Peer 1: 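Structure in structure tokens, see below.
On a predicted model such as this, the values are computed, not experimentally measured, just so you know.
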Amino acid sequence: MAKSNGKTVLITGSTDGVGRVVAKRLGEGGWRVLVHGRDRGRGERVVAEINDAGGGSAEFLAADLSSLADVRRLADAVQKTTKRLDLLVNNAGIGSGGPQGTRQTSADGYELRFAVNYLAGFLLTHLLLPLIRKSAPARIVNVSSLGQQAIDFTDVMLTHGYSGSRAYCQSKLAQIMFTVDLAHELEGTGVTVNALHPATYMNTTMVRQSGATPMSSVEEGADAILNLATSADMEERSGLYFNGQREARADEQAYDAEARQHLKTLSLELAGLSSKKSTSAGRPRG
Ligand SMILES: NC(=O)c1ccc[n+]([C@@H]2O[C@H](COP(=O)([O-])OP(=O)(O)OC[C@H]3O[C@@H](n4cnc5c(N)ncnc54)[C@H](OP(=O)(O)O)[C@@H]3O)[C@@H](O)[C@H]2O)c1
């Protein structure tokens, strides 16, 4: 069993699925783990498992990422809990809800998958960046997916032609576009940011609820996340997309600087990080 290594990690969505396995593995490796999810009962069970195993330690922070106010509360809670953040894993997410699915909206009126899978992590990362930069060398890992679809900037909120898989896939590509941009911004700071598809159809709640047949284990996905999060090979590497443990090419839109700028401007505005008044097509229309 490892002793405390003095490092702190926040893993969003670590009450279940692959995030839970990553939390336990980092705990075993001596990390202080900030476990996050909505369900306090599930969260406290993961915390107890990490604390009972020895090595590192854990605490639970609750927040519903479908509300930007809750994302802000989570960032405040993290800053009150720790003086350093060596690793942020933006992992929490919701699946497609089936190929068609029903369009849902967040507390802020945004298309739900865009809000939870992408915008919440975008805001959380921005709010925690001062702490992360202070802790450099530090890493950010965005858990995306192989399922990616180009964003139509005339209808980001998918008010027309909604499908659950389109909503999921555009939110996952948005995470990768954010990763590429943020890596440029963080050049020379000692903070790296990378994105990945952890593994295909892992046996998790998300996959079981979508009706798909699980094809891989959460351990395989956790290995891929931990590769980006902790391996020495990734020390200086940033702005990349990995399929499992291999560097891969994402959807073409991820390499379109104009599209990324469009998404960034829109995201700053939607997340309340920009002082600009909204005129964007991405705003929900009622
Ligand atoms: N499973 C796969 O095969 C697969 C493939 C590619 C990519 N991924 C990605 O891997 C990540 C983890 O997926 P998973 O399969 O492990 O999912 P999972 O087992 O369903 O777990 C999802 C986690 O996210 C949290 N979460 C969901 N909605 C939330 C919200 N509104 N606010 C706060 N927390 C929320 C859940 O917390 P609660 O306890 O509150 O429910 C849970 O801890 C996701 O980003 C997913 O897109 C998964």
Side-chain angles (χ1 to χ4, degrees), residues 10-13 19 36-38 61 63-78 88-97 101 103-129 132 140-145 147-159 162 164-183 185 193 195 206 250-251 253-254 259-286:
L10 167 65
I11 308 160
T12 66
H36 158 266
R38 287 165 299 185
L61 300 173
D64 186 340
L65 301 187
S66 68
S67 153
L68 292 174
D70 238 33
V71 174
R72 288 182 177 277
R73 274 192 286 274
L74 174 62
D76 285 345
V78 170
L88 167 63
V89 184
N90 286 309
N91 165 76
I94 42 176
S96 65
R103 184 179 180 276
Q104 293 166 282
T105 50
S106 69
D108 307 279
Y110 305 145
E111 190 283 311
L112 188 65
R113 280 152 182 85
F114 185 85
V116 173
N117 295 354
Y118 162 66
L119 195 62
F122 174 88
L123 175 60
L124 184 66
T125 304
H126 275 89
L127 296 173
L128 293 177
L129 261 186
I132 296 170
I140 300 165
V141 176
N142 290 325
V143 182
S144 173
S145 174
Q148 299 158 25
Q149 181 162 346
I151 298 164
D152 171 1
F153 286 101
T154 66
D155 188 19
V156 176
M157 296 303 156
L158 303 178
T159 54
Y162 180 88
S165 55
R166 182 176 166 202
Y168 179 78
C169 292
Q170 79 155 11
S171 72
K172 291 285 140 184
L173 178 57
Q175 287 183 291
I176 300 171
M177 293 166 79
F178 169 46
T179 302
V180 175
D181 260 352
L182 186 61
E185 286 166 35
V193 53
M206 177 186 291
D251 182 277
Q253 199 180 44
R260 288 201 312 271
Q261 184 56 47
H262 204 138
L263 178 65
K264 182 178 165 183
T265 305
L266 175 65
S267 305
L268 288 169
E269 193 183 314
L270 295 176
L273 291 169
S274 141
S275 51
K276 259 179 56 192
K277 280 233 163 72
S278 172
T279 50
S280 169
R283 274 271 175 203
R285 300 172 204 148

Peer 1: Are N142 and S144 linked by a side-chain donor-acceptor pair shorter than 3.5 Å?
Peer 2: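 No - no donor-acceptor pair under 3.5 Å links their side chains.
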Peer 1: Closer than 3.5 angstrom, by distance alone: can the side chain of D251 be matched with the main-chain N or O of Q253 as a donor-acceptor pair?
Peer 2: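 Indeed, once roles are kept as given, a pair shorter than 3.5 Å links the two residues.
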Peer 1: Using 0.5 Å steps for rounding, measure from the CG atom of L119 to the CG atom of L266.
Peer 2: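 Reported to 0.5 Å precision, the distance equals 8.0 Å.
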Peer 1: In terms of side-chain geometry, is the basic nitrogen of D70 or R73 positioned less than 4.0 Å from the acidic oxygen of its partner?
Peer 2: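 Salt bridge: yes.
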Peer 1: Rounded to the nearest 0.5 Å, how far does OG of S96 lie from CZ of R166?
Peer 2: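 Here the interatomic distance stands at 14.0 Å.
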Peer 1: About how many Å separate CD of Q148 and CD of Q170, when rounded to the nearest 0.5 Å?
Peer 2: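 Between Q170 CD and Q148 CD, I get 12.5 Å after rounding to 0.5 Å.
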Peer 1: Would you mind telling me which of N90, I176, L263 makes a side chain to side chain contact (heavy atoms under 4.5 Å, CB included) with Y118?
Peer 2: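 The single option meeting the side chain to side chain contact (heavy atoms under 4.5 Å, CB included) with Y118 is L263.
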Peer 1: Apply side chain to side chain contact (heavy atoms under 4.5 Å, CB included) to residues R72 and L123 and explain how you reach the verdict.
Peer 2: CA-CA 8 Å; R72 288 182 177 277; L123 175 60; 3.9 Å; yes
Peer 1: Is any side-chain heavy atom of T159 less than 4.5 Å from a side-chain heavy atom of R103?
Peer 2: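 Side-chain contact under 4.5 Å: yes.
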Peer 1: Taking the inter-plane angle between the rings of F178 and H126 on a 0 to 90° scale, is it parallel (under 30°), tilted (30 to 60°) or perpendicular (over 60°)?
Peer 2: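 Aromatic pair F178/H126 classed parallel.
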Peer 1: Roughly how far apart are L65 CG and N117 CG, rounded to 0.5 Å?
Peer 2: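 Here the rounded value is 9.5 Å.
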Peer 1: Of L10, V78, N91, V89, which is the lone residue that meets side chain to side chain contact (heavy atoms under 4.5 Å, CB included) with H36?
Peer 2: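 Exactly one option meets the side chain to side chain contact (heavy atoms under 4.5 Å, CB included) with H36, and it is L10.
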Peer 1: Closest approach of L112 and S66, non-hydrogen atoms and distance?
Peer 2: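 Smallest heavy-atom distance, with atoms named: CD1-CB, 3.8 Å.
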Peer 1: Got F114 and L158 here, is their nearest side-chain heavy-atom distance under 4.5 Å?
Peer 2: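 SC-SC contact between F114 and L158 ruled out.
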Peer 1: Using the side chain to side chain contact (heavy atoms under 4.5 Å, CB included) definition, which of the options L129, L124, V141 pairs with L88?
Peer 2: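 Single side chain to side chain contact (heavy atoms under 4.5 Å, CB included) partner of L88 among L129, L124, V141: L124.
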Peer 1: Using a 4.5 Å cut-off on heavy atoms from C-beta on, say whether the side chain of D108 contacts that of S106.
Peer 2: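 Yes, close enough: below the 4.5 Å cut-off.
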Peer 1: F122 versus L268: any side-chain heavy-atom pair under 4.5 Å?
Peer 2: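 The answer is yes; the side chains approach within 4.5 Å.
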Peer 1: For a 4.5 angstrom cut-off between non-hydrogen side-chain atoms, does I151 reach M177?
Peer 2: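 Of all side-chain heavy-atom pairs linking M177 with I151, at least one is under 4.5 Å.
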Peer 1: Got a donor-acceptor contact below 3.5 angstrom from the T12 side chain to the A92 backbone?
Peer 2: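 Pair found, side chain donor or acceptor close to backbone of A92.
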Peer 1: Can you tell me how far the CG atom of L127 sits from the CG atom of D76, to the nearest 0.5 Å?
Peer 2: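 The distance works out to 8.0 Å.
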Peer 1: Do the side chain of Y110 and the main chain of L270 share a donor and acceptor less than 3.5 angstrom apart?
Peer 2: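 Yes, because the side chain of Y110 sits within donor-acceptor range (under 3.5 Å) of the backbone of L270.
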Peer 1: Should D181 and K264 count as an ion pair when the cut-off is N to O under 4.0 Å?
Peer 2: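 No, no charged N to carboxylate O under 4.0 Å.
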Peer 1: Please step through side chain to side chain donor-acceptor pair (under 3.5 Å) for the pair T265 and Q261, ending with a clear verdict.
Peer 2: CA-CA 6 Å; T265 305; Q261 184 56 47; 3.2 Å; yes
Peer 1: Return the CG to CG distance between L68 and L74, rounded to the nearest 0.5 Å.
Peer 2: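 Spacing of CG (L68) from CG (L74) equals 12.0 Å.
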Peer 1: Of the non-hydrogen atoms in E111 and A167, which two are nearest, and what is the gap between them?
Peer 2: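 That would be OE2-CB, 3.5 Å.
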Peer 1: Answer yes or no: is there a side-chain heavy-atom contact under 4.5 Å between Q149 and K172?
Peer 2: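 Answer no - side chains too far apart.
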